[in-house]
Peer 1: 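Below is the structure I would like to discuss, written out as structure tokens.
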Number of protein chains: 2
Amino acid sequence: MKTYGEYCPVAKAAEVLGDRWTLLIVRDMLFGPIGFNELARGLPGISRGVLSARIRHLQRLGLVERPDSGVGYQLSGPGRHLTDVVRVLGDWAARWIIDDPTQAELDPDLLVLWISRHLAADQLPTQKAVVAFERSGPRPGRLWLVLDPGGGSICHEDPGLDPARYVYLRGQTAALYRVYMGRSSLADERSTGQVQLSGTPALIHALPTWFTWSNFAPTVRAAAAA
Amino acid sequence: MKTYGEYCPVAKAAEVLGDRWTLLIVRDMLFGPIGFNELARGLPGISRGVLSARIRHLQRLGLVERPDSGVGYQLSGPGRHLTDVVRVLGDWAARWIIDDPTQAELDPDLLVLWISRHLAADQLPTQKAVVAFERSGPRPGRLWLVLDPGGGSICHEDPGLDPARYVYLRGQTAALYRVYMGRSSLADERSTGQVQLSGTPALIHALPTWFTWSNFAPTVRAAAAA
DNA sequence: CAGTATCCTCGAGGATACTG
DNA sequence: CAGTATCCTCGAGGATACTG
């Protein structure tokens with residue numbers, strides 16, 4: 001990283017975190033240990049070379065380390081203290097900057113990935129259940145999120161489980177992004193028909209309890225209320 | 001700025017603040033309205049073209065505006081909320097990153113500029129007083145800080161005021177940087193002879209009350225104590 | 001004081017293919 | 001899965017001189 005040559009903590013922080021992608025890598029490591037390819041998947045557009053260089057740089061600074069398991073990476077003690085930094089940056093942008101998503105930002109894979117990273121661990125179905133995301137609009141497509149008490153996993157093909165364990169979530173990607181970011185609620189989007197749930201009634205009823213949505217949704221809601 | 005194409009507040013914050021120099025420009029605007037050349041002086045190494053482009057960008061985003069006076073720039077409402085962001089970033093680096101200054105970071109002009117921006121407004125001398133900074137070491141030199149109740153101004157020539165209103169602060173730049181950043185105290189550096197005060201006794205006695213030092217000094221001290 | 005205009009270089013990083 | 005290696009381009013931004 002280019003330095004500033006200033007003996008100032010703000011300049012130091014900018015040197016450490018100011019490289020392109022670095023802050024987003026830290027953000028994605030805040031959820032716990034994560035592998036190289038999983039990081040790459042969550043950062044569309046990053047090249048493998050850059051991701052590799054960033055991780056090595058963060059390791060050299062002592063902010064990222066190998067987990068005891070030896071696979072993937074995790075934040076070190078000092079790195080975990082970046083939680084506050086990421087939260088404050090995100091809260092600021094959620095309050096003052098963020099608008100509706102642009103067309104280019106409507107990445108359905110990323111959305112489902114993020115949704116799958118924000119699950120209510122204690123509310124998940126005791127028996128495997130499948131949320132089938134079906135997006136309408138310009139580029140229709142499907143994704144399946146398989147949930148069990150241990151968490152969720154994303155499939156690009158129908159996992160082919162018991163049909164009674166499916167719930168279908170249909171709508172435009174933009175509508176689901178709004179729900180995720182706290183610009184609207186699932187209930188609102190359902191009542192306006194932007195998002196439709198179908199499938200097993202018990203699962204339709206339970207689905208809203210599974211997702212906790214974006215960490216910044218409360219701030220977005222507070223900003224909208226102000 | 002390059003975008004990330006992600007609908008995420010953290011990515012948005014990184015897009016807005018992630019350009020080289022931007023965060024430091026915001027930092028220097030947090031003290032109140034400031035002019036173009038004054039900004040450039042506080043950011044050694046920035047080119048006038050880049051500074052101009054950054055300011056215009058921040059204006060377009062609505063984070064920076066012209067003060068009512070029409071001269072210089074100031075943060076807007078949303079921009080002022082970056083106070084938290086800058087503080088958290090700096091606190092993190094002050095706690096986990098910052099070390100003693102490197103040789104390249106020992107810029108005496110910048111140090112005196114920063115000292116002059118952190119004055120205890122209600123403790124300043126009622127009559128003009130001059131702090132003459134005399135640095136020893138590889139590149140000796142002098143700077144004069146003229147204080148009055150309205151604040152301070154830096155001179156590169158002896159302002160030639162009443163000699164009874166002078167206090168001389170001698171030492172190596174590194175020692176004064178340590179004091180500024182909270183890695184040591186003025187009293188400590190004086191007791192070890194790293195910094196020497198001479199001149200009018202009443203001013204020597206009063207001098208420690210004039211300076212509040214870096215905003216991050218308390219965090220640096222807390223980190224050292226831990 | 002407060003910028004704008006021009007030139008020029010270097011390196012950041014995207015794309016891609018490859019390896020263990 | 002987890003990276004490394006290579007190529008290539010483009011644009012960021014430093015240096016400098018100039019203007020109102």
Side-chain angles (χ1 to χ4, degrees), chain A residues 1-6 11 14-26 28-29 32-60 64-74 104 107 110 113 153-156, chain B residues 1-6 11 14-26 28-29 32-60 64-74 104 107 110 113 153-156:
Chain A
M1 171 62 185
K2 286 203 85 166
T3 59
Y4 288 108
E6 291 191 4
E15 287 174 9
V16 169
L17 302 174
D19 284 320
R20 184 158 165 78
W21 296 111
T22 298
L23 199 63
L24 301 190
I25 292 170
V26 169
D28 286 352
M29 286 183 173
I34 184 170
F36 186 92
N37 286 332
E38 177 70 5
L39 277 168
R41 205 169 308 133
L43 301 167
I46 198 173
S47 79
R48 304 176 74 71
V50 167
L51 177 54
S52 175
R54 291 294 179 277
I55 295 173
R56 254 183 290 123
H57 186 219
L58 290 169
Q59 281 183 299
R60 236 180 312 117
V64 163
E65 62 193 14
R66 289 287 190 179
D68 291 338
S69 71
V71 299
Y73 303 94
Q74 68 183 10
D107 182 327
L110 201 53
L113 180 62
S153 82
I154 295 168
C155 303
H156 291 261
Chain B
M1 170 63 184
K2 285 203 86 166
T3 58
Y4 288 108
E6 290 191 3
E15 286 174 10
V16 170
L17 302 173
D19 284 322
R20 185 159 165 78
W21 296 111
T22 298
L23 199 63
L24 302 189
I25 292 169
V26 169
D28 287 352
M29 286 183 175
I34 184 169
F36 186 92
N37 287 331
E38 178 70 6
L39 277 168
R41 206 170 306 132
L43 301 168
I46 198 173
S47 79
R48 303 177 75 70
V50 167
L51 177 55
S52 175
R54 291 294 179 276
I55 294 172
R56 255 182 291 123
H57 186 219
L58 290 169
Q59 281 183 298
R60 236 178 313 117
V64 163
E65 61 193 14
R66 290 287 190 179
D68 291 338
S69 70
V71 299
Y73 303 94
Q74 68 184 9
D107 182 326
L110 201 53
L113 180 63
S153 82
I154 295 168
C155 303
H156 291 260

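Numbers restart at 1 for each chain; the letters A, B, ... are given by sequence-line order, proteins then strands.
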Peer 1: One pair to check against side chain to side chain contact (heavy atoms under 4.5 Å, CB included): B/L51 and B/W21. What are the steps and the verdict?
Peer 2: CA-CA 8 Å; B/L51 177 55; B/W21 296 111; over 6 Å; no
Peer 1: What is the separation between atom CD1 on A/I34 and atom C1' on D/dG3, rounded to the nearest whole Å?
Peer 2: 15 Å
Peer 1: Within this structure, what is the CD1-to-P distance between A/I25 and D/dA2, rounded to whole angstrom?
Peer 2: 15 Å
Peer 1: So, do A/V64 and A/H57 sit near enough that their side-chain heavy atoms are less than 4.5 Å apart?
Peer 2: no
Peer 1: For the residue pair B/Q59 and B/R66, establish whether any side-chain heavy-atom pair is separated by less than 4.5 Å.
Peer 2: yes
Peer 1: Which nucleotide in the set C/dA12, D/dT4, C/dA2 lies at the smallest distance from any side-chain heavy atom of A/R56?
Peer 2: D/dT4
Peer 1: Specify the separation, in whole Å, of atom NE2 of A/H57 and atom C1' of C/dG13.
Peer 2: 15 Å
Peer 1: Would you tell me if any nitrogen or oxygen in the side chain of B/Y73 comes within less than 4.0 Å of OP1 or OP2 on C/dG3?
Peer 2: yes
Peer 1: Report yes or no: do B/E65 and B/Q74 form a side-chain donor-acceptor pair below 3.5 Å?
Peer 2: yes
Peer 1: Report yes if a side-chain nitrogen or oxygen of B/Y4 is closer than 4.0 Å to either non-bridging phosphate oxygen (OP1 or OP2) of C/dG13; otherwise report no.
Peer 2: no
Peer 1: Between C/dC1, D/dC1, D/dA12, which one does the side chain of B/N37 approach most closely?
Peer 2: C/dC1
Peer 1: Tell me the interatomic distance from B/L51, atom CG, to C/dA2, atom P, rounded to whole angstroms.
Peer 2: 11 Å
Peer 1: By nearest atom, which of the nucleotides C/dG3, D/dG3, C/dA2 is closest to the B/S52 side chain?
Peer 2: C/dG3
Peer 1: In dot-bracket form, 5' to 3', how is DNA chain C paired? Count Watson-Crick and G-U wobble pairs only if both distances fall under 3.5 Å, and write | where the partner sits on another strand.
Peer 2: ||||||||||||||||||||
Peer 1: Report yes if some heavy atom in the side chain of B/L39 is under 4.5 Å from a heavy atom in the side chain of B/I55; otherwise report no.
Peer 2: yes
Peer 1: Rounded to the nearest angstrom, tell me the gap between atom CG in A/D19 and atom P in D/dG13.
Peer 2: 12 Å
Peer 1: At under 4.0 Å between heavy atoms, which parts of nucleotides 14-20 of chain C does protein reach? Answer with one letter per nucleotide, 5' to 3': B base, S sugar-phosphate only, - none.
Peer 2: BB-----
Peer 1: Do you know the tightest heavy-atom contact between B/P67 and B/G72?
Peer 2: CD-O, 3.2 Å
Peer 1: How long is the line joining CZ of A/R41 and C1' of D/dG3, in whole Å?
Peer 2: 14 Å
Peer 1: I need the full list of salt bridge (charged side-chain N to carboxylate O under 4.0 Å, His left out) pairs touching residues 33-52 of chain B, with sequence neighbours left out, sorted by first then second residue.
Peer 2: B/E38-B/R41, B/E38-B/R117
Peer 1: How many Å lie between CZ on B/R66 and P on C/dA2, as a whole number?
Peer 2: 9 Å
Peer 1: Locate the shortest heavy-atom distance separating A/R20 from A/R54; write the atom from each residue and the value.
Peer 2: O-NE, 2.9 Å
Peer 1: Side chains of B/P44 and B/D107: does their closest heavy-atom pair fall under 4.5 Å?
Peer 2: yes
Peer 1: Find the distance A/R54:CZ to D/dG3:C1' and express it as a whole number of Å.
Peer 2: 16 Å
